[in-house]
Every structure is written in structure tokens, then in C-alpha cells.
Number of protein chains: 2
Amino acid sequence: MGEIDRLGSIKKFYRQHKRLPSYSEMLKLFGIASKNAIFKIVSKWVEEGLIKKTGGKFAPTSRFFAIPLLGSIRAGFPILAEENRDYVSLDDYLIEDPQSSFLLKVNGDSLEGIGIFEGDIVIIERKKEARIGSVVLAQIDKEWTLKILRKDRIQRLNYLSAANPKYPSFYPKEELQIFGIVKAVVRKFN
Amino acid sequence: MGEIDRLGSIKKFYRQHKRLPSYSEMLKLFGIASKNAIFKIVSKWVEEGLIKKTGGKFAPTSRFFAIPLLGSIRAGFPILAEENRDYVSLDDYLIEDPQSSFLLKVNGDSLEGIGIFEGDIVIIERKKEARIGSVVLAQIDKEWTLKILRKDRIQRLNYLSAANPKYPSFYPKEELQIFGIVKAVVRKFN
DNA sequence: CAGTATAGTAAACAATTGTTCACTTTGTCA
DNA sequence: TGACAAAGTGAACAATTGTTTACTATACTG
């Protein structure tokens with residue numbers, strides 16, 4: 001079994017079990033008989049910065065999960081782009097505060113103008129206030145909706161607007177209550 | 001320390017260390033003196049399905065990471081939506097084959113029509129073939145670009161097109177080589 | 001070929017793991 | 001108040017952890 005396959009197999013193990021295998025488990029995983037061999041292999045991974053020890057226990061580093069992130073594609077071959085900093089995970093990148101966040105499947109085409117389509121998933125952070133211009137999940141006159149928060153300068157009043165010329169602006173007759181703000185969008189193709 | 005805070009603290013621990021704390025570590029984490037107390041607490045989590053045992057070792061379940069995914073917002077209060085199946089993680093959801101995937105920061109506005117903007121991050125899977133209509137990373141006459149793959153029925157020839165009326169279609173003079181296909185897009189606001 | 005680094009075997013090790021037992025404290029509710 | 005469940009203490013436990021040592025097999029290099 002090659003070196004890369006071993007790394008691949010414990011990455012697969014981590015993906016399945018959400019934890020690293022123990023030495024004994026690696027013995028079976030790699031088809032090796034001696035724990036010392038495992039010790040040497042793991043030590044090398046630690047040296048390479050793929051795995052670290054926290055509190056005497058092994059844990060994967062960010063490089064363990066690393067998926068290359070490339071920069072500009074205009075300037076030559078993209079793989080060789082210099083902006084190849086290693087990468088944590090999309091969860092960590094997109095969801096800053098997991099406790100107060102939730103996901104929402106978008107329906108309707110009212111936000112097409114800013115690239116939020118029907119079927120997309122938005123990451124929403126629970127908050128009662130939002131900056132003007134941000135996309136908010138709000139309750140306008142008892143009805144829930146996902147729109148852009150605007151401020152009418154003349155009437156000095158917050159209202160909601162779509163990002164699609166098909167729809168008018170929504171002025172609250174009674175009240176406009178913000179429930180959360182959209183921090184990110186995610187769309188899967190096919 | 002309340003029950004929820006404990007769960008929160010080991011979730012935080014897992015987020016930081018990418019592994020669950022041991023009983024001894026939980027002692028300090030929770031400010032408790034007896035391992036048996038930890039045993040009971042963890043046992044309850046196992047019963048509740050937040051943590052499971054694989055091969056005699058503890059590991060978080062999907063419910064451990066769960067961020068609620070809500071459905072339609074039109075039909076009343078979104079939090080109460082029935083489509084509240086628990087959720088794995090954005091990584092697992094978006095990146096099906098981590099080994100052959102990489103991320104690419106988009107520049108240019110040529111794909112605005114399908115909601116891919118400058119600064120977005122696309123998840124690309126390395127592949128030499130692609131279905132007509134999919135977004136591909138390709139090399140057209142030695143130049144790299146991100147476009148939609150099309151087929152000219154008359155000339156029986158593949159070409160690339162933007163999703164923006166500003167740009168023309170790109171017919172290869174010499175060759176068109178597909179390098180990968182875009183599986184997902186991700187955009188962070190602010 | 002010889003020489004040497006690399007990779008694996010086997011056994012022994014203290015340290016730490018999760019679990020169990022018997023008991024005490026705390027809190028809750030009739 | 002008293003009774004009972006829930007939550008925590010403390011000590012002991014076998015099992016497993018990662019590490020070390022000494023030795024062997026394999027592979028590579030000049």
C-alpha cells in the first residue's frame with residue numbers, strides 16, 4: 001500500500017467516523033502487523049503538519065482537510081496560482097456562529113438580481129437588527145419573507161425590496177420585524 | 001453549568017480540536033470531579049443520538065453537527081417547517097469527492113446570468129468530460145476560462161458560452177480541453 | 001556488490017482510557 | 001417535612017492507548 005493511499009484511507013476514515021483511527025485500527029486499515037510501523041508513519045505526518053497533538057491526543061490539522069483554493073484563472077494555469085493558502089472547511093468558512101445559525105431553502109425568484117435563486121440554500125444568523133442593504137429574513141405585517149432591507153430617506157422608515165424588477169417594494173403597514181440576516185448562499189448544481 | 005452549556009462546550013471543543021474530549025478533559029471542561037458523572041452525561045448523549053460509539057470509541061453523529069434546515073418560508077413561521085431533517089455538514093453536502101476537488105475564486109462577470117459572481121468560490125471536480133450545459137473549467141486555445149459548455153448542432157462541435165449578454169460565444173480555433181466541472185457555488189456576504 | 005537508509009516485526013511499558021460499584025449530596029414535588 | 005429521583009464523589013478495574021527498545025527484512029545507491 002502506497003503512502004498516499006494510507007493518507008487517503010485515514011482521511012476516508014475520518015470522513016466516515018468523524019474521528020481519527022487509533023494505532024490498532026490503523027494496523028487493520030493498512031494491513032500492517034507492528035504498531036511501531038504505525039508510530040513511524042504517524043510521526044512523519046505530524047512532522048509534515050497533517051496531524052497534531054493536542055493534550056497528548058492526535059487530531060487533524062487544517063492541512064489534513066485542505067482542499068486547494070486557487071486564485072485568478074486569467075493569469076495562466078490556475079493550479080499554479082500563488083494564492084494557494086491551505087483551507088479549513090466550508091463549514092468553518094461559511095458558518096461563523098453555528099449556535100445561532102440555521103439554513104433555509106430559498107423559494108421564489110425575488111432575489112435573482114443578487115444571485116439567490118429558487119432552490120439555493122442560505123445560511124442565516126439569528127439577529128434582530130441588520131444593516132441597511134443586507135439580505136434579511138423578516139416578518140412584514142405577519143408574513144415571512146426573504147428580502148433586502150432598505151431605508152426610505154424621506155419617510156425615515158425601513159422597508160423591504162426584492163432584487164428583481166418583477167416585484168415592487170414592500171412597505172410595512174403595521175410592523176417590520178427582522179429575524180435574521182443572510183450570511184452566505186450555497187448552490188449545488190445538478 | 002447547565003446541560004446546554006455542556007453540550008455547547010464540547011461542540012466548541014470539537015470545532016477547535018476536530019476531536020471529542022476524553023472523560024478527563026471533560027472533567028476540567030465542565031468543572032466536575034468524578035468521571036462517573038461524565039459517564040452518565042455522555043451516556044445520555046449517546047441515548048439521545050448526539051454521540052455514538054464506533055469500534056469502542058466515541059464519535060459525534062450527524063445530529064451533533066446538526067444545523068436546522070428549513071423549508072418554505074411562505075407557509076407560516078419558517079422555524080416550524082416540517083422539512084427539518086437533520087443535516088450533516090456543508091463540506092459533506094457540497095464536496096462529494098474531496099480527493100479530486102478543488103476550490104476556485106471566480107473573477108469576471110461572465111457567468112452572472114446563472115448567479116456566479118466575481119469573488120464567489122466554486123467547487124470544481126477534476127474531470128475530462130462534461131455534459132452539455134454544465135459549467136466547466138476549460139482550456140480554449142491555450143487560455144483557461146470558466147464557461148458553459150455548449151454544442152453547435154450544425155457544426156457538431158463543442159464551444160463555450162458565457163451567461164452574460166455582454167460576451168460572445170467562444171468557438172475553439174484549435175482545441176477545447178475540459179479540465180473540471182463546477183459542482184457548486186458558494187458566496188459569503190460582507 | 002557492499003553499505004546504508006527505510007520500512008516492518010515483536011514484545012514490553014507506563015499512562016490513560018471508559019466503565020463499574022458503592023456511597024453522598026442536591027434538588028424537586030407532593 | 002419527607003420521599004424519591006437526579007447529579008456528583010471517589011476509588012478500583014480491565015482494556016487499550018501511544019511510546020520505546022532491539023532486531024529483521026526490504027529497498028535503494030554509489
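We name chains A, B, ... by the order of the sequence lines, and we start the count at 1 in each one.
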Worksheet item: So, are A:Arg15 and B:Asp92 salt-bridged, with charged N and O less than 4.0 Å apart?
Response: no

Could you tell me the separation between the [atom1] atom of [X] and the [atom2] atom of [N], rounded to a whole number of Å?
{"X": "B:Glu25", "N": "D:dT17", "atom1": "CD", "atom2": "P", "result": "16 Å"}
{"X": "A:Phe39", "N": "C:dA15", "atom1": "CZ", "atom2": "P", "result": "16 Å"}
{"X": "B:Ile32", "N": "C:dT26", "atom1": "CD1", "atom2": "P", "result": "14 Å"}
{"X": "A:Leu29", "N": "C:dG8", "atom1": "CG", "atom2": "P", "result": "14 Å"}
{"X": "A:Ile38", "N": "D:dT19", "atom1": "CD1", "atom2": "C1'", "result": "13 Å"}
{"X": "A:Met26", "N": "C:dG8", "atom1": "CE", "atom2": "P", "result": "14 Å"}
{"X": "B:Lys40", "N": "C:dA22", "atom1": "NZ", "atom2": "P", "result": "13 Å"}
{"X": "B:Arg19", "N": "C:dG18", "atom1": "CZ", "atom2": "C1'", "result": "15 Å"}

Item to complete: Give the minimum heavy-atom separation between B:Ala130 and B:Val136, together with the two atoms involved.
Response: CB-CG1, 3.5 Å

Worksheet entry | N/O donor-acceptor pair, side chain B:Lys35 with base C:dG18, under 3.5 angstrom | yes

Worksheet item: Do B:Asn36 and C:dT19 share a donor-acceptor pair, side chain to base, under 3.5 Å?
Response: no

Worksheet item: Any idea how A:Tyr171 and A:Tyr159 line up, ring-wise: parallel (<30°), tilted (30 to 60°), or perpendicular (>60°)?
Response: parallel

Worksheet item: Between A:Ser22 and B:Ala33, which is nearer to the 5' end of DNA chain D once each is assigned its nearest nucleotide?
Response: B:Ala33

Worksheet item: DNA chain D: B:Gly55 or B:Leu27, which has the more 5' nearest nucleotide?
Response: B:Leu27

OP1 or OP2 of [N] versus the side-chain N and O atoms of [X]: is any pair under 4.0 Å?
{"X": "B:Ser24", "N": "C:dT17", "value": "yes"}
{"X": "A:Arg6", "N": "C:dG8", "value": "yes"}
{"X": "B:Tyr23", "N": "C:dT19", "value": "yes"}

Discussion item. Applying the side chain to side chain donor-acceptor pair (under 3.5 Å) criterion to B:Thr54, which one of A:Lys18, A:Arg19, A:Gln16 satisfies it?
Written reply: A:Arg19

Fill in: Heavy-atom donor-acceptor pair, B:Asp141 side chain to B:Pro172 backbone, under 3.5 Å
no

Item to complete: Assign A:Lys57 to base, sugar-phosphate, or nothing according to its heavy-atom contacts below 4.0 angstrom with the strands shown.
Response: sugar-phosphate

